[in-house]
Amino acid sequence: MLNIFMLVMIFGELLASISQVLLKKSAQKEYPSRIREYLNVLVIGGYGLLVVSMFVGILCYKHLGYMGTVIMEPVAYILVMILSRVVFGEKFTGNKLIGMGLIITGIVIFYL
């Protein structure tokens, strides 16, 4: 039941999650000018990854269909939570773990 395009979609969601982390990392820094605030490696890289993930999502729409792609998109919430833990040291709270469990349960039920 695992399709290669499901893995491609997860890769696209990973790219989108990394882009969100890059943008947050950039927002936490002080910059000498307004232009440097928006034209730096973190911001340009973050938006670049977001564009690539969008094209990956469009490719997956063709092969997984609308519902298949929409059901896989919440994986990004889990990936952002994990990346936030690794990069920013954010804690996993009980509510976050319950939410992660519900997302995974929903995906599994949909594909069964």
Side-chain angles (χ1 to χ4, degrees):
M1 189 103 173
L2 187 63
N3 187 329
I4 187 71
F5 288 99
M6 287 181 185
L7 296 176
V8 172
M9 184 68 191
I10 291 171
F11 176 72
E13 294 303 323
L14 178 63
L15 291 178
S17 301
I18 291 170
S19 77
Q20 291 178 28
V21 170
L22 288 175
L23 292 171
K24 181 175 180 177
K25 192 90 167 152
S26 175
Q28 292 178 336
K29 291 185 175 186
E30 294 271 336
Y31 294 97
S33 69
R34 194 63 107 164
I35 291 174
R36 293 298 246 161
E37 193 173 326
Y38 295 102
L39 293 178
N40 62 64
V41 174
L42 294 174
V43 171
I44 294 170
Y47 282 119
L49 285 176
L50 200 58
V51 168
V52 171
S53 74
M54 180 189 66
F55 284 116
V56 170
I58 290 170
L59 172 74
C60 291
Y61 269 108
K62 180 179 178 185
H63 297 282
L64 293 177
Y66 174 75
M67 284 306 293
T69 305
V70 169
I71 294 301
M72 292 301 289
E73 285 181 2
V75 169
Y77 295 121
I78 296 169
L79 294 173
V80 166
M81 188 178 357
I82 292 168
L83 289 173
S84 294
R85 171 74 176 146
V86 171
V87 175
F88 302 113
E90 294 180 4
K91 303 223 183 282
F92 289 145
T93 63
N95 287 340
K96 288 180 181 178
L97 293 173
I98 290 170
M100 188 185 322
L102 289 172
I103 288 170
I104 293 170
T105 302
I107 292 170
V108 169
I109 288 172
F110 178 79
Y111 282 110
L112 288 179

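No hydrogens, no waters, no symmetry mates; every other heavy atom, side chains included, goes into these values.
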Following the transitive rule for hydrophobic clusters with a side-chain heavy-atom cut-off under 4.5 Å over Ile, Leu, Val, Met, Phe, Trp and Tyr, establish whether Leu49 and Leu83 coincide in one cluster. yes
Under 4.5 Å between side-chain heavy atoms, hopping through other hydrophobics if needed: is there a path connecting Leu15 to Met6? yes
Is it true that atom CZ of Phe55 has more than 12 heavy atoms of other residues, nucleotides or ligands lying nearer than 6.0 Å? no
Hydrophobic cluster membership, with links at side-chain heavy-atom distances under 4.5 Å among I/L/V/M/F/W/Y: are Leu79 and Ile104 in one? yes
In terms of heavy-atom contacts, Ser26 and Val43 come closest through OG-CG2, 3.1 Å
Any side-chain heavy-atom pair from Leu50 and Met54 closer than 4.5 angstrom? no
Do Lys29 and Glu37 make a side-chain contact, defined as non-hydrogen atoms from C-beta onward lying under 4.5 Å apart? no
Inspect the surroundings of OH in Tyr77 and state if more than 12 heavy atoms from other residues, nucleotides or ligands are less than 6.0 Å away. no
Would you say OH of Tyr47 has more than 12 non-hydrogen atoms from neighbouring residues, nucleotides or ligands within 6.0 angstrom? no
Using only atom types and a distance under 3.5 Å, with no angle test, would you say the side chain of Ser19 pairs donor to acceptor with the backbone of Ala16? yes
Considering non-hydrogen atoms only, spot the tightest contact between Met9 and Gly57 and give its length. SD-CA, 4.3 Å
Ile10 vs Glu13 side-chain heavy atoms within contact, under 4.5 Å: no
Would a hydrophobic clustering, with Ile, Leu, Val, Met, Phe, Trp and Tyr connected at side-chain separations under 4.5 Å, put Leu22 with Val80? no
Should Ile82 and Leu7 be regarded as members of a common hydrophobic cluster, given that ILVMFWY residues are connected when their side-chain heavy atoms come within less than 4.5 Å of each other, either directly or indirectly? yes
Val8 and Val56: which non-hydrogen atoms are nearest, and at how many Å? O-CG1, 3.4 Å
Residue Arg36 excluded, over 12 heavy atoms near CZ under 6.0 Å: no
In terms of heavy-atom contacts, Ile71 and Ile107 come closest through O-CG1, 3.5 Å
Are more than 12 heavy atoms from other residues, nucleotides or ligands located less than 6.0 Å from atom CZ of Phe11? no
Close side-chain approach of Phe5 and Leu59, heavy atoms under 4.5 Å: yes
Treating Lys96 as the side-chain partner and Lys91 as the backbone partner, does any N or O pair qualify as donor plus acceptor under 3.5 Å? yes
